[in-house]
Amino acid sequence: MKAIIKLKPRRGEKNLPEKPVRVLGIDLGTTNSTVAEILWDPSRPDDITARCLEVQQHTREGTYTNVLVPSVVALLDEEEYVGEGAKRLRAASARFGPEQNKSIFYECKNDIGLRKTYHRAPEGYR
């Protein structure tokens, strides 16, 4: 709760927004990612809302909704799977046959800064 208190503007502080503010933050984790939202309205300066957003994730079995999104992307049968759907395909790789760095991508965060290009990835995903 102390982190939220630090977000509160000091009374009388100049240059505060005159309109409500919505801030989104994305934590791109190696295993899971999440999206957080902070809402602040100058008409209620002491009322700050912070929460993690639920994200709908397409799977072969239907939609899965959770605040955690596994950091996996898969492309299979002309469909894109991000999060839980891709994680499930990775777990069933023997059955569905996704190939790492070609049709399924995970642990790519370790490559940030390396200017790595995934040459086997379909156009638009490099």
Side-chain angles (χ1 to χ4, degrees):
M1 200 60 136
K2 289 183 180 183
I4 301 286
I5 293 169
K6 290 181 183 179
L7 295 172
K8 289 184 181 179
R10 286 175 252 163
R11 297 221 184 266
E13 189 172 334
K14 296 180 182 180
N15 300 322
L16 290 177
E18 295 177 10
K19 296 180 181 179
V21 176
R22 180 181 188 213
V23 178
L24 297 175
I26 301 172
D27 174 11
L28 294 174
T30 304
T31 305
N32 291 296
S33 297
T34 194
V35 179
E37 171 188 65
I38 297 174
L39 301 172
W40 180 76
D41 188 332
S43 67
R44 298 185 319 260
D46 293 331
D47 185 15
I48 297 174
T49 304
R51 66 186 181 120
C52 288
L53 300 179
E54 291 187 333
V55 178
Q56 291 184 351
Q57 303 163 59
H58 173 65
T59 72
R60 292 177 72 89
E61 297 81 19
T63 302
Y64 175 83
T65 305
N66 200 308
V67 296
L68 289 179
V69 180
S71 300
V72 184
V73 174
L75 312 167
L76 187 68
D77 299 332
E78 305 294 319
E79 290 193 63
E80 300 172 354
Y81 297 87
V82 177
E84 185 64 27
K87 179 182 172 184
R88 292 178 187 184
L89 287 172
R90 180 181 176 197
S93 61
R95 194 166 94 202
F96 295 111
E99 298 176 51
Q100 186 172 1
N101 298 334
K102 183 176 180 184
S103 57
I104 191 161
F105 305 88
Y106 51 92
E107 297 181 4
C108 298
K109 184 178 173 185
N110 298 330
D111 298 333
I112 290 177
L114 299 179
R115 295 183 181 260
K116 182 173 181 175
T117 301
Y118 296 95
H119 295 285
R120 297 185 319 165
E123 192 64 38
Y125 293 94
R126 297 180 182 183

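Here the structure is a predicted model, which is why all the values come from computation and not from measurement.
- With rounding to the nearest 0.5 angstrom, the OG1 atom of Thr49 is 12.0 Å from the CZ atom of Arg22.
- Glu54 CD to Tyr64 OH: the interatomic distance, rounded to the nearest 0.5 Å, is 10.0 Å.
- Placement of Val21 and Ile38 within a single hydrophobic cluster is found when ILVMFWY residues are connected by side-chain heavy-atom separations under 4.5 Å, directly or transitively.
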Got a list of side-chain donor-acceptor pairs under 3.5 Å for residues 69-76, not counting sequence neighbours?
from, atom 1, to, atom 2, distance (Å)
Ser71, OG, Gly29, O, 2.5
Ser71, OG, Ser33, OG, 2.9

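- Atoms CD and CZ, from Glu99 and Phe105 in turn, are 10.0 Å apart once rounded to the nearest 0.5 Å.
- Judged as a side-chain contact (heavy atoms from CB on, under 4.5 Å), and not counting sequence neighbours, the contacts of Glu61 are Thr59, Arg88.
- Considering only heavy atoms from C-beta on, Leu24 comes within 4.5 Å of Leu53 through its side chain.
- Expressed to the nearest 0.5 Å, how far CG of Leu39 lies from CZ of Arg44 amounts to 9.0 Å.
- When side chains are defined from C-beta on, Arg60 counts as touching Asp77, because their heavy atoms get closer than 4.5 Å.
- Taking CG from Leu28 and OG1 from Thr34, the interatomic distance works out to 10.5 Å, rounded to the nearest 0.5 Å.
- No more than 12 heavy atoms of other residues, nucleotides or ligands lie within 6.0 Å of CD in Gln56, so this atom counts as exposed by the packing criterion.
- By the criterion of side-chain heavy atoms lying less than 4.5 angstrom apart, applied directly or through intervening Ile, Leu, Val, Met, Phe, Trp or Tyr residues, Phe96 is grouped together with Tyr81 in one hydrophobic cluster.
- Looking at every heavy atom in both residues, Pro42 comes nearest to Pro45 through O-CD, 3.4 Å.
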